[in-house]
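The structure appears below as C-alpha cells.
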Amino acid sequence: MTNKSIPSAQEKFIIFIHIQKTAGLSIQRMIRRRYGQSIFKRIANKIILRKNTASTPIDLKGTMLSCKFYDRYFMGHFCYGVHEFLPQPSTYITFLREPISRLLSLYYYSQSNKTAYYHKQAVNASMEQFFFKSNLMELDNGILRFIVGDANDLFINRTPLGQCSRSMLEQAKENIINHFAFIGFSERFDESVLLLKNKLGWKNSFYLKRNISTKNKNHHNIDPFIIEELRKRNSLDIELYKFALVRFEQEIHFLGDYFKNELQLFQTQNGIYNKFALPLYNKYDYLKAIVNGKQERPI
C-alpha cells in the first residue's frame, strides 16, 4: 500500500474569495498576471466574455462549472463552498481587514461609486441608516458569513440578521485551518503578498499602488454610538479576524530575520517597479474603461 502525498498549494486550483474593501482588486490583478492571459487577450475577452471571474451571483454557478483545471484560478465575490463546483484539488485564499474599518470603507465606497454593489442602499442613506436599517447580510458579521459558507447560497451565508452563532465561528475557524492555503491582511499588504508569493511559488509579488484612498483612516469624526453598535453587531467578525491574524503573525515569526530581510528588499524593488510600470498601467486602465463604456471613471 502506497501513500500519496498531499498536493501543495502550488499544485491546486486557486479559489480567491474577494471580500469587499480588503484590497481584493490588487490581488485579482496579481493572480491574473501570473495565471491569466496577456493584457491584449484580456481586453479582447472583456468584449466577448468575462472568464474566470464571477461578477454577479446570478451567473456564478454556470461560470464555475465551465472552468477547467488548466484555468488555474477562480475569483470573485462569493462564499466558502464553491469548490464543489470547481476543478479539484483546490484551495482557498482571501484577504481580510479590521472589520469596523472595512464596514466604514464599504459605506463610503458604496455611497460615492455608482457601480458599487450596494450603491442603491447607500447613496441617499446616512451612515446610521445604511448600517442599521438596510438589512444587508454583509453588514452583520459579513466576514464570518463569507468564510463559513452556506449550503443553499453561493454568495453569502443567509443566517437571519442578529443570529450568527459561536458554532458558526468555530466552523469558520475549521474552514480556515483545513481549506485555506493563505489569508492575508490589507493593513499588512506587503508582508501578505510576500507570504503569498512563497506559498504559491511565484517568482515575485510586485504590485502597483493604485486606488489608494486616504479617506477613513480613523474613527475620530464618527459618532461613537455607531462605532460601538457596529462592534456589537460584528463581534464574531472581530474574533475571527483576530484568530486569522494570530496565525499570520505566527508564520512571520517562524520565518524570522530571513523574512524581514526579504521584505525590505521587496519593498525597495517594488518601489522601482511602480516608478516605471505605473504610468503604463494607468493607460491600460483607461483603455479598459473605454471597453467597458466607463471612460469617465477608469477602473
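We count residues from 1, following the sequence as given. No hydrogens, no waters, no symmetry mates; every other heavy atom, side chains included, goes into these values.
- Taking the side chain as every heavy atom from C-beta outward, M168 and N141 never approach each other to under 4.5 Å.
- Atom CE of M75 and atom CG of L25 lie 9.5 Å apart (nearest 0.5 Å).
- For the pair F180 and I183, the tightest heavy-atom approach, listed with the atom from each and the gap, is CD2-CG1, 4.0 Å.
- Below 30°, between 30° and 60°, or above 60°: for F155 and F146 the angle between ring planes is above 60°, a perpendicular geometry.
- Aromatic ring orientation, F266 versus Y207: tilted (interplanar angle from 30° to 60°).
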In sequence, state the C-alpha distance, the side-chain angles, and the governing distance for L169 and E239, and then conclude on side-chain contact (heavy atoms from CB on, under 4.5 Å).
CA-CA 8 Å; L169 175 63; E239 282 194 56; 3.5 Å; yes
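- Around atom CG of N261, more than 12 heavy atoms belonging to other residues, nucleotides or ligands sit under 6.0 Å away.
- E187 places a side-chain N or O within 3.5 Å of a backbone atom of E98 that can act as its donor or acceptor partner.
- Residues R102 and P99 have side chains not in contact (no heavy-atom distance under 4.5 Å, counting atoms from C-beta outward).
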Any chance you could lay out the side-chain contact (heavy atoms from CB on, under 4.5 Å) test for I93 and I31, step after step, and finish with the verdict?
CA-CA 11 Å; I93 64 173; I31 291 173; 4.0 Å; yes
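- Taking hydrophobic clusters as Ile, Leu, Val, Met, Phe, Trp and Tyr residues chained together by side-chain heavy-atom distances below 4.5 Å, I147 does not share a cluster with V246.
- The side-chain heavy atoms of N113 and Y108, taken from C-beta on, include no pair separated by under 4.5 Å.
- Listed by chain and residue number, nothing satisfies the side-chain hydrogen bond (donor to acceptor under 3.5 Å, both in side chains) test with N270 (two or more places apart in sequence, or in another chain).
- The backbone N or O of K203 lies less than 3.5 Å from no partner atom in the side chain of R34, so there is not a single donor-acceptor pair.
- Residues forming a ring pair (Phe, Tyr, Trp, His ring centres under 6.0 Å) with H179 (at least two apart in sequence, or on another chain): Y80.
- At most 12 heavy atoms of other shown residues, nucleotides or ligands fall within 6.0 angstrom of atom CD in Q264.
- Legend: residues meeting ring pair (Phe, Tyr, Trp, His ring centres under 6.0 Å) with F131, ordered by chain and number and at least two apart, are Y107.
- Legend: salt bridge (Lys or Arg N to Asp or Glu O under 4.0 Å) pairs involving residues 140-162, not counting sequence neighbours, sorted by first then second residue: D140-R145, D153-R158.
- Formation of a donor-acceptor pair under 3.5 Å by the Q121 side chain with backbone atoms of F130 is not found in this model.
- The shortest non-hydrogen separation linking F78 to I17 is O-CG2, 3.1 Å.
- Atoms CD1 and CG, on I176 and L96 in that order, are 7.0 Å from each other to the nearest 0.5 Å.
- Residues I177 and L196 share a single hydrophobic cluster, defined by chaining ILVMFWY side chains whose heavy atoms lie under 4.5 Å apart.
- Not counting sequence neighbours, F85 has no partner by the ring pair (Phe, Tyr, Trp, His ring centres under 6.0 Å) test.
- K260 contributes atom NZ, which lies 5.5 Å from atom CG of D257 (distance to the nearest 0.5 angstrom).
- Salt bridge present: K173 and E170 bring a charged side-chain N and a carboxylate O closer than 4.0 Å.
- At distances below 3.5 Å, at least one donor-acceptor pair connects side-chain atoms of R72 with backbone N or O atoms of K12.
- Using a 4.5 Å heavy-atom threshold, the side chains of D223 and M127 count as separate.
- Taking both residues in full, the closest heavy atoms of A277 and L208 are given as CB-CD2, 3.9 Å, listed atom of the first, atom of the second, then distance.
- Atoms CZ and OH, on F13 and Y70 in that order, are 11.0 Å from each other to the nearest 0.5 Å.
- A search for salt bridge (charged side-chain N to carboxylate O under 4.0 Å, His left out) contacts involving K199 returns E251, not counting sequence neighbours.
- Taken from CD in Q28 to CZ in F16, the straight-line distance is 6.0 Å, to the nearest 0.5 Å.
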Tell me, with the steps shown, if L161 and L139 meet side-chain contact (heavy atoms from CB on, under 4.5 Å).
CA-CA 9 Å; L161 296 174; L139 307 182; over 6 Å; no
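- Of the possible polar contacts, none joining the S186 side chain to the R97 backbone as a donor-acceptor pair under 3.5 Å is found.
- Nearest heavy atom pair, residue C79 against residue I156, reads SG-N, 3.8 Å.
- The shortest non-hydrogen separation linking F182 to F95 is CE2-CE1, 3.6 Å.
- Annotation: salt bridge (charged side-chain N to carboxylate O under 4.0 Å, His left out) contacts of K197 (sequence neighbours excluded): E262.
- Annotation: salt bridge (charged side-chain N to carboxylate O under 4.0 Å, His left out) contacts of E11 (sequence neighbours excluded): none.
- Listed by chain and residue number, nothing satisfies the ring pair (Phe, Tyr, Trp, His ring centres under 6.0 Å) test with Y118 (two or more places apart in sequence, or in another chain).
- Using a 4.5 Å cut-off on side-chain heavy atoms (C-beta onward), V148 and L240 make no contact.
- Under the rule for a side-chain hydrogen bond (donor to acceptor under 3.5 Å, both in side chains), E84 has no partner lying at least two apart in sequence or in another chain.
- By the criterion of side-chain heavy atoms lying less than 4.5 angstrom apart, applied directly or through intervening Ile, Leu, Val, Met, Phe, Trp or Tyr residues, L265 is not grouped with F189; the two fall into different hydrophobic clusters.
- With D237 contributing its side chain and G142 its backbone, the two residues share a donor-acceptor pair below 3.5 Å.
- Linking Ile, Leu, Val, Met, Phe, Trp and Tyr residues whenever their side-chain heavy atoms come within less than 4.5 Å leaves F254 and Y258 in two separate clusters.
- Looking at residues two or more places apart in sequence or on another chain, you find a side-chain hydrogen bond (donor to acceptor under 3.5 Å, both in side chains) between R188 and E191, E249.
- Residues Y109 and V123 do not share a hydrophobic cluster, clusters being chains of Ile/Leu/Val/Met/Phe/Trp/Tyr side chains in contact below 4.5 Å.
- In terms of modelled atom types and a separation under 3.5 Å, the side chain of Q20 and the main chain of H18 share no donor-acceptor contact.
- In this structure, CD1 on I15 lies 5.0 Å from CG on L86, to the nearest 0.5 angstrom.
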Does the pair K209 and L278 meet the rule for a side-chain contact (heavy atoms from CB on, under 4.5 Å), with working shown?
CA-CA 8 Å; K209 297 181 179 181; L278 189 56; 5.7 Å; no
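- Listed for the S105 side chain is no donor-acceptor partner under 3.5 Å among the backbone atoms of K21.
- Every side-chain hydrogen bond (donor to acceptor under 3.5 Å, both in side chains) that N157 has, sequence neighbours left out, goes to T159.
- Considering only heavy atoms from C-beta on, Y117 stays 4.5 Å or farther from H77 through its side chain.
- Side-chain contact between L144 and N234: absent, with no pair of heavy atoms (C-beta onward) separated by less than 4.5 Å.
- P89 is listed as a side-chain neighbour of F69, based on a closest heavy-atom distance under 4.5 Å.
- In terms of heavy atoms, F185 sits closest to S192 at N-OG, 2.9 Å.
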